[in-house]
Amino acid sequence: MQLQARMQVRSAGPRRAAAAVPVRAMAGSRFADVAQAPPDPILGVSEAFRASTDPNKLNLGVGAYRDEQLKPVVLSVVKKAESKIFSRNENKEYLTIEGLDAFRKATVDLLLGAGHPAIKEGRVAVVQSLSGTGSLRVGAAFIARFMKGATVYLSNPTWGNHRNIFGDEGVEWKYYRYFDADTVGLDFKGMTEDLQAAPPGSVVVLHGCAHNPTGIDPTKEQWAAIADLCKERNLMPFFDVAYQGFATGDLDKDAYAPRLFVERGLEIMVAQSYSKNLGLYGERVGALVMVLSDKEAASRCLSQLKRLARALYSNPPTHGARIAAEVVNDKELFEEWKGEMRGMAGRIERVRGELQRSLESKYPAKDWSFITKQIGMFSFTGLTPAQVDNMTNKHAIFMTRDGRISLAGLNSAKVEYLADAIVDSVRNH
Ligand code: KET
């Protein structure tokens, strides 16, 4: 009855309003004061690339893997997993708020290693979320609500979106020193000094492996020292694991740091992404994981993560999670994936070497050895914004203005073209 009454009023609404309030042409949008947002520093590069008509154009902006023909890749294990999934003819019901159980198991196995004591002891809270970004955002929301006043420490430099993710949640963030431009290496002293000075209870965002954008990771000894420091200073490590498999080509080796921290008795948060290592960019597959000291804390934190996720996006998408679960939980597919992972990491490593050699032959006075010292998808070239503008405007090489190039978007055929453009930019700008 009530509903019917309301519907009647609503359907009578526009006519009545028209009679009572004279229709005035609006002078302009009510949003006339909304300023134009700048293009995204990374995804905006892809937009500019698509708009370019230059036949030589090359997109080294976004970290997305391409094959030797510079075409996007769907992994063979993904196709196999999909055909298994399709043959099961599953429904499209909502997942639970925390996501697909088979995926949640798989993702923790991948992170910690199957059979890890923390899994057996039930002290891992995991919510499937919208890839790395969405998982970081759920983590940021958790920090905003349950670690009130905590500052989040980000490496300088870091993936640009970290600032937005924490900033948009109203979480204060600061930088800790990370990159030493003189040595093109890690400023470990600066990093530890800054973390020593961080107030207890602060959060430290650490790149699990293959640091973006520098391609420089701490050594094993340095990781141990960072873990000890976090423990001493009561800092909360929050790992961003977006490139597991891309640092060494080995999924286990690339999980070294978060595993070490857990082994040393630290509680950690982790945002995992399958965009890069399974090539599931558009499927938005990932998870926010909290490895805690006891089962009760894990259960309570999970309940709150669900509460946060419910308001942000309700529940996560199904398809990509089924794929990841199928691959990780199936022995054969898992082994095959490891091979494909090595193939992707290997191709990037090969073009890294080719680029370095080409630059060495064209411009021997400069030390280019940093290119093969860096790991992962990127090279942090040290090109200045003016030099980057020259790369793009003159040579149609699209890249981010911080001087990062994605080697995942380079092939052998384009190495010389890129090296010539870099030499021209370095010499003349
Ligand atoms: N963390 C890091 C460090 C990262 O580089 C990315 C993506 C993400 C998380 C999130 O990816 P997702 O697809 O939400 O799982 N980086 C590449 C793409 C992007 O900027 O979105 C990039 O740096 O090019």
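Counting starts at 1 for both ligands and their atoms, following the listed order. What you are looking at is a predicted structure, and each value in this text was computed from that prediction instead of being measured. Hydrogens, waters and symmetry mates play no part in the numbers below; they use all other heavy atoms, side chains included.
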Legend entry - Validation row, ring centre F380 to ring centre F370 under 6.0 Å: no
Legend entry - cation_pi(R322, F103) dist<6.0 Å, angle<=45: no
Legend entry - Polar contact flag for G63 and ligand 1 (N/O pairs, less than 3.5 Å): yes
Legend entry - Shortest protein contact, atom 11 (O) of ligand 1 (heavy atom only): T133 OG1, 4.0 Å
Inset, instruction - Just go through K276, Q272, M377 and tell me whose heavy atom is the nearest to atom 16 (N) of ligand 1. - result: K276
Legend entry - G132: numbered ligand 1 atoms lying under 4.0 Å from its heavy atoms: 12 (P), 14 (O), 15 (O)
Inset, instruction - Considering only non-hydrogen protein atoms, determine which one is nearest to atom 2 (C) of ligand 1 and report residue, atom name and distance to 0.1 Å. - result: D240 OD2, 3.4 Å
Inset, instruction - Tell me which part of N212 gets within contact of ligand 1: side chain, backbone, both or neither, using heavy atoms under 4.0 Å. - result: side chain
Inset, instruction - Considering only NZ, NE, NH1 and NH2 on the basic side and carboxylate oxygens on the acidic side, decide whether D389 and K394 come within less than 4.0 Å. - result: no
Inset, instruction - Please test Y178 against H211 for ring-ring contact (aromatic ring centres under 6.0 Å, His included), starting from the C-alpha separation and ending with a verdict. - result: CA-CA 10 Å; Y178 192 83; H211 182 273; 4.1 Å; yes
Legend entry - Atom pair OG1/CZ of T214 and R404 - distance to nearest 0.5 Å: 11.0 Å
Legend entry - Contact with ligand 1 for N161, non-hydrogen, under 4.0 angstrom: no
Inset, instruction - Around atom 23 (O) of ligand 1, find the nearest protein heavy atom and jot down its residue, atom name and distance. - result: R404 NH1, 2.9 Å
Inset, instruction - Do me a favour and list the nearest non-hydrogen protein atom to atom 19 (C) of ligand 1 with residue, atom name and distance? - result: W159 NE1, 3.6 Å
Inset, instruction - Could you point out which residue of R352, R350, R357 forms a salt bridge (charged side-chain N to carboxylate O under 4.0 Å, His left out) with E354? - result: R350
Legend entry - Under-4.0 Å salt bridge between R104 and D101: yes
Legend entry - Polar contact flag for A242 and ligand 1 (N/O pairs, less than 3.5 Å): no
Legend entry - Subset of ligand 1 atoms that lie under 4.0 Å from at least one heavy atom of V62: 18 (C), 24 (O)
Inset, instruction - For S273, counting its heavy atoms only, list the atoms of ligand 1 lying under 4.0 Å from any of them. - result: 12 (P), 15 (O)
Legend entry - Atom indices of ligand 1 within 4.0 angstrom of R284 heavy atoms, with elements: 12 (P), 13 (O), 14 (O)
Legend entry - Close aromatic pair by centroid cut-off 6.0 Å: Y65 and Y281: no
Legend entry - Y243 to ligand 1, any heavy atom closer than 4.0 Å: yes
Legend entry - H319/F86 aromatic ring centres below 6.0 Å: yes
Legend entry - Residue and atom name of the nearest protein heavy atom (relative to atom 13 (O) of ligand 1), distance in Å to one decimal: S275 OG, 2.7 Å
Inset, instruction - Compare all side-chain heavy atoms of S275 with those of R284 and state whether any distance is below 4.5 angstrom. - result: yes
